[in-house]
Amino acid sequence: MGAQQVADRFAELYGAGPEGVWAAPGRVNLIGEHTDYNDGFVMPFALPHQVVAAVSRRTDGVLRLHSADIGGDITELRLDDLAPGGDHDWTAYPAGVVWALREAGHEITGADVHLASTVPTGAGLSSSAALEVVIALALNDLYDLGLKGWRLARLCQRAENVYVGAPTGIMDQTASACCEAGHALFLDTRDLSQQQIPFDLAAQGLRLLVVDTQVKHAHSGGEYGKRRAGCEKGAALLGVDALRDIPYDGLDAALARLGAEEEVVRLVRHVVTENERVERTVALLRSGDPRAIGPVLTEGHASLRDDFRISCPELDLVVDTALAGGALGARMTGGGFGGSAIVLAEAADVETLTKSVEEAFAAAGLTAPRVFEAVPSAGARRLV
């Protein structure tokens, strides 16, 4: 999807060319699921799939939005009317960013926006975060706000939490804003410190596949919120600020203190062990042994399936089929209840594994999955 194509469509819609064109990517989370809102560790990387936005400023307090993917007419909103909970359409995401910027004291006087995206929606690849970040970056540049990537990510998270009403953590927005090509981002979600970890699987004869099950999910649904509330309950019962504060070597003692709180026990166990899996993955990649992360990914899936209970039959089918076919590791990725799984494999096995997964879905009478290679790509940036 070319920047010029998006700019040309903007000119058709609004009668003049845009002041600029920006892009923000979706992401895959290599390891570290549901740890971000527990102040824990995550390790995402950016995809080549991205949201592209052509944008110009306005001075009349109006926000005009159009999406090539949704179609329909231009949506026109007055900035003074923007308020949480009032918009349940896709426009809530860009409008929420404008609201969050203004709430933070930044003088935004309006914008014309045309968007086009190649990030699959509902696939657990952070299409909403990419949409938020591209708007935030464009307005940051156009209004000369001087905000760094991590700060834009914070504002985008506030837009999604408060304006949209989805209780997501900070990982998705930070990944879209801050990732670098050829690297995975080791992010401490408590202090937002970042380390770019080299992640060039192709040089090692490996591939990481994304398998989009075509089962849609939505973060604003109640199950995601229940998991977050359960984690917060666990932290409160254990007397810590967040589950991040429970050390891995103190997990058994912590679980014993929770007694009969079976659901909370499962949630706490997942978060604490998942943080350890992130740290183990970082160490293995730094040691130059990417194949060794395969079993760690598979451990993560078992924890998400059995303790956090957010997998689904389609995700389990991908993982089980891939492992039976010789994959080095596999797990669901994203918020759960649908979306995508990732498969770490030798390059020579990709075609066979892809065919095996497709045949398994066909045999189960399921919609054919979408399979593609995940290539660590650049974060949000100005194109034109």
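Position 1 is the first residue of the sequence, and the numbers go up from there.
Under a 4.0 Å N-O distance rule, the pair E299/R280 qualifies as a salt bridge. Under 4.0 Å is where a charged nitrogen must lie from a carboxylate oxygen, and between E274 and R277 at least one such pair does. The pair D245-R190 counts as a salt bridge, with a side-chain nitrogen and a carboxylate oxygen less than 4.0 angstrom apart. Salt-bridge annotation for E261 and K233: present, with a side-chain N of the basic residue lying under 4.0 Å from a carboxylate O of the acidic one. Comment: D141 does not engage R381 in a salt bridge, judged by the lack of any side-chain N to carboxylate O separation of less than 4.0 angstrom.
Counting heavy-atom neighbours within 6.0 Å of R291 CZ, excluding the residue itself, gives a total above 12.
Distance check, rounded to the nearest 0.5 Å: CG of L187 to CD1 of I170 gives 8.0 Å. The line from CG of L13 to CD1 of I74 is 5.0 Å long, rounded to the nearest 0.5 Å.
Note on residues 113-161: pairs passing ring-ring contact (aromatic ring centres under 6.0 Å, His included), not counting sequence neighbours, are H66-H114.
A donor-acceptor pair is defined here as one N or O able to donate and one able to accept, closer than 3.5 Å; no such pair exists between the side chain of R244 and the backbone of G40. The closest donor-acceptor contact from the side chain of T298 to the backbone of A330 lies under 3.5 Å.
In this model, a donor atom of one side chain and an acceptor atom of the other lie less than 3.5 Å apart for D316 and H301.
Note: F10 and Y14 have tilted aromatic rings, judged against thresholds of 30 and 60 degrees for the angle between ring planes.
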